[in-house]
Amino acid sequence: MTVRDMAHVELYTRDKVAAVRHYVSTRGFVQVADCVEVDRSSALLRRGDAQLVITSGWATRGFLARNGEGVADVAVRCADVAATVAAALAHGATVTHGGQGAPVVSGPGGIVHTLLPGSAPGTRALPAGRTWIPHPVPAPSAARAEQPDHVVLLLPAELLAPYAAFCEGVLGFTRRTPEGIAPARRADGGPVLYGAAGRVAFVLRARPPRDRAGSDRSLCTTSIL
């Protein structure tokens, strides 16, 4: 039940174009593909080996109404998918199946993880279950070549401990002193969890009870760095 790496992170947003512009212009990502379906439109961005899917459209409305804009799925590559599914069920998590039959585990706070088989480091397979159209890719820039090293997740304060326990018991994460994460980004003392290979780090942060629009936000990402 050991997570080796993140395959991709998917964000649901009301304005895909603005979100893509933000991650390209300020976070150093490059748009590499698009996928337009009946009920959603997605853009695939990369920075190093990290893949970010930004999605908007009808299919996202229920999620946005419940949670606000943010992380809809953190797809992870596992050493043993079947063992991770068994651990999730034993932990009381919900397991369904998504694109191409991959197991999808729902943890505390509604955070979803698609479980994929492990692959060699540096492998960058396109997210399955969609028809991706390649996007013209500009020449790589040496100025922003560093690898994103963690995802910041916002949850209700009372779910920080249950979600950290879920990551430890189901995904094989461990809590330890942050490596390379500046103090200002350590989620105000919230748990920091690493995968066994040290390439996956979740930084957990308590979110305010209400956002400025007055809607509940169960989870979101404040940064993918």
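What you see is a predicted model; the values in this text were computed from it and never measured.
- Here the CG-CG distance, from Leu171 to Leu193, works out to 9.5 Å after rounding to the nearest 0.5 Å.
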Full working for side chain to side chain contact (heavy atoms under 4.5 Å, CB included) between Thr84 and Val105 = CA-CA 9 Å; Thr84 305; Val105 176; 5.6 Å; no
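- Expressed to the nearest 0.5 Å, how far CG of Leu52 lies from CZ of Arg47 amounts to 10.5 Å.
- Here the side chains of Arg46 and Val30 are not in contact, with every heavy-atom distance at 4.5 Å or above.
- Under the 4.5 Å side-chain heavy-atom criterion for ILVMFWY residues, no single connected hydrophobic cluster contains both Leu116 and Val71.
- A distance of 5.0 Å separates CD1 of Ile54 from CG of Leu45, quoted to the nearest 0.5 Å.
- Distance check: Asp39 CG to Thr55 OG1 gives 10.0 Å after rounding to the nearest 0.5 Å.
- Listed here is the closest heavy atom pair of Pro103 and Val81: CG-CG1, 3.8 Å.
- In this structure, Thr131 OG1 and Asp34 CG are separated by 12.5 Å, a value rounded to the nearest 0.5 Å.
- Using the six-membered ring where Trp is involved, Phe29 and Tyr23 have ring planes that are perpendicular, over 60° apart on the 30 and 60° scheme.
- Shortest non-hydrogen contact noted between Ala161 and Arg175 is O-NH2, 4.4 Å.
- At least one donor-acceptor pair closer than 3.5 Å links the side chain of Thr26 to the backbone N or O of His22.
- Put simply, Val3 and Val95 are part of the same group of oily side chains (I, L, V, M, F, W, Y) that touch within less than 4.5 Å, one to the next.
- In this pair, Phe166 and His91 present their aromatic rings perpendicular. The plane angle is above 60°, beyond the 30 to 60° band.
- Remark: side-chain polar atoms of Arg40 are not paired, donor with acceptor, to backbone N or O of Ser56 under 3.5 angstrom.
- Within the 4.5 Å cutoff, the side chain of Leu11 has no heavy atoms near those of the Glu69 side chain.
- Annotation for Gln31 and Ala43: closest pair NE2-CB, 3.7 Å, computed over non-hydrogen atoms.
- Annotation: the span from Thr114 atom OG1 to Asp73 atom CG amounts to 3.5 Å, rounded to 0.5 Å.
- Note: the hydrophobic cluster containing Phe63 does not contain Trp58 (ILVMFWY, side chain heavy atoms under 4.5 Å, direct or indirect links).
- Nearest heavy atom pair, residue Ser106 against residue Ala93, reads O-CB, 3.5 Å.
- Note: His113 and Phe202 have parallel aromatic rings, judged against thresholds of 30 and 60 degrees for the angle between ring planes.
- The hydrophobic clustering, which links ILVMFWY residues whose side-chain heavy atoms are closer than 4.5 Å, places Val9 and Leu115 together.
- Not counting sequence neighbours, the partners of Trp132 by the side chain to side chain contact (heavy atoms under 4.5 Å, CB included) test are Ala33, Cys35, Ser42, Leu44, Val53, Leu126, Pro127, Arg130.
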